[in-house]
Amino acid sequence: VQLQASGGGVVQPGDSLRLSCAGSGDTFSRYTVGWFRQAPGKEREFVVGINWSGGMTNYADSVKGRFTISRDNAKSTAYLQMNSLKAEDTAVYYCAARRSLIVVTGHGYDYWGQGTEVTVSS
């Protein structure tokens, strides 16, 4: 499956953004989707994952209550709704996919999209 992330931008603290991860080349509903991010000078970190049906999710503590992942398999797209953004959310966000359960390590994902940059700054 090929993945393309989009929706990043420059916003102020407290603002919202919605990222999209569009899949192509295979049946999107076969895949668990994860979002990861990498801030300048830091290691990539897991943000959230969603299983093939959308019935199971797993959030990093740092984003719980602020970010919401969802998916529309009919559109082959996963979404990351980010609310109450903070400066520390600034990073390049990547979506990734795998054919099994949600895992929090990047090495567990076989397919990656290009990143979309999110900058939160006043």
Side-chain angles (χ1 to χ4, degrees):
V1 66
Q2 291 82 49
L3 303 173
Q4 182 162 0
S6 62
V10 180
V11 297
Q12 294 186 339
D15 285 352
S16 299
L17 272 179
R18 189 177 78 159
L19 306 184
S20 298
C21 175
S24 63
D26 197 357
T27 304
F28 191 68
S29 61
R30 292 178 177 175
Y31 296 87
T32 283
V33 173
W35 284 96
F36 291 78
R37 66 186 181 186
Q38 187 165 19
K42 295 187 177 181
E43 294 186 354
R44 182 178 61 194
E45 65 173 351
F46 173 80
V47 177
V48 60
I50 188 168
N51 76 329
W52 68 273
S53 69
M56 293 183 63
T57 58
N58 185 358
Y59 290 86
D61 288 343
S62 59
V63 305
K64 281 181 182 176
R66 299 189 300 121
F67 290 11
T68 303
I69 192 171
S70 62
R71 66 190 297 159
D72 184 341
N73 287 334
K75 296 182 178 179
S76 298
T77 303
Y79 303 98
L80 180 60
Q81 178 67 41
M82 305 187 296
N83 298 330
S84 302
L85 283 162
K86 304 176 182 180
E88 50 263 44
D89 295 318
T90 294
V92 177
Y93 284 72
Y94 300 88
C95 62
R98 69 192 304 265
R99 290 286 300 271
S100 188
L101 301 175
I102 300 169
V103 295
V104 302
T105 56
H107 297 300
Y109 290 78
D110 301 304
Y111 308 95
W112 289 82
Q114 91 293 355
T116 185
E117 189 166 6
V118 173
T119 301
V120 184
S121 175
S122 56

Taking all atoms of both residues into account, what is the closest heavy-atom pair of [X] and [Y], and its distance?
X	Y	result
R44	G106	NH2-CA, 3.7 Å
S122	P13	N-CD, 3.7 Å
G7	L17	O-CD2, 3.7 Å
V118	G8	CG2-CA, 4.1 Å
C95	A5	SG-CB, 4.0 Å
V48	F46	C-CZ, 3.3 Å

Side chain of [X], backbone of [Y]: donor and acceptor closer than 3.5 Å?
X	Y	value
S121	T119	no
N51	M56	yes
T27	S29	no
T90	V120	yes

Are the side chains of [Y] and [X] in contact, using a 4.5 Å heavy-atom criterion?
X	Y	result
V103	Y109	yes
N58	V104	yes
F67	L85	yes
L19	T116	yes
Q81	S16	yes
V33	F28	yes
Q114	Q4	yes
D26	Y111	no

**Message:** Is the positively charged end of R37 above the ring of Y93, judged by distance under 6.0 angstrom from the centroid and angle within 45° of the axis?
**Reply:** no

**Message:** Quick check with a 6.0 Å cut-off and a 45 degree axis cone: is R99 positioned over the face of Y31's six-membered ring?
**Reply:**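 The answer is yes; both the distance and angle limits are met.
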
Rounded distance [0.5 Å steps], [atom1] in [X] versus [atom2] in [Y]:
X	Y	atom1	atom2	value
E88	K42	CD	NZ	8.0 Å
I50	C21	CD1	SG	11.0 Å
R66	N83	CZ	CG	9.0 Å

**Message:** Determine whether Y79 and T68 satisfy the following criterion, side-chain contact (heavy atoms from CB on, under 4.5 Å), listing intermediate values before the conclusion.
**Reply:** CA-CA 8 Å; Y79 303 98; T68 303; over 6 Å; no

**Prompt:** When clusters are formed by joining ILVMFWY residues with side-chain heavy atoms under 4.5 Å apart, either directly or through shared neighbours, do L3 and W35 land in the same one?
**Reply:**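 Yes, it is one cluster - the side chains of L3 and W35 are joined through contacts under 4.5 Å.
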
**Request:** Treat each ILVMFWY residue as a node, draw an edge where side-chain heavy atoms are under 4.5 Å apart, and state whether I102 and V1 are in one component.
**Result:** no

**Message:** Please verify the inter-ring angle class for F36 with W112; under 30° counts as parallel, over 60° as perpendicular, anything in between as tilted.
**Reply:**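 Plane angle between 30° and 60°, so tilted.
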
**Request:** May I ask you to check whether over 12 heavy atoms, not counting those of E43, lie within 6.0 Å of atom CD?
**Result:**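 No, the 6.0 Å shell around CD holds no more than 12 heavy atoms from other groups.
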
**NZ/NE/NH1/NH2 to OD/OE distance under 4.0 Å, K86 and D89** = no

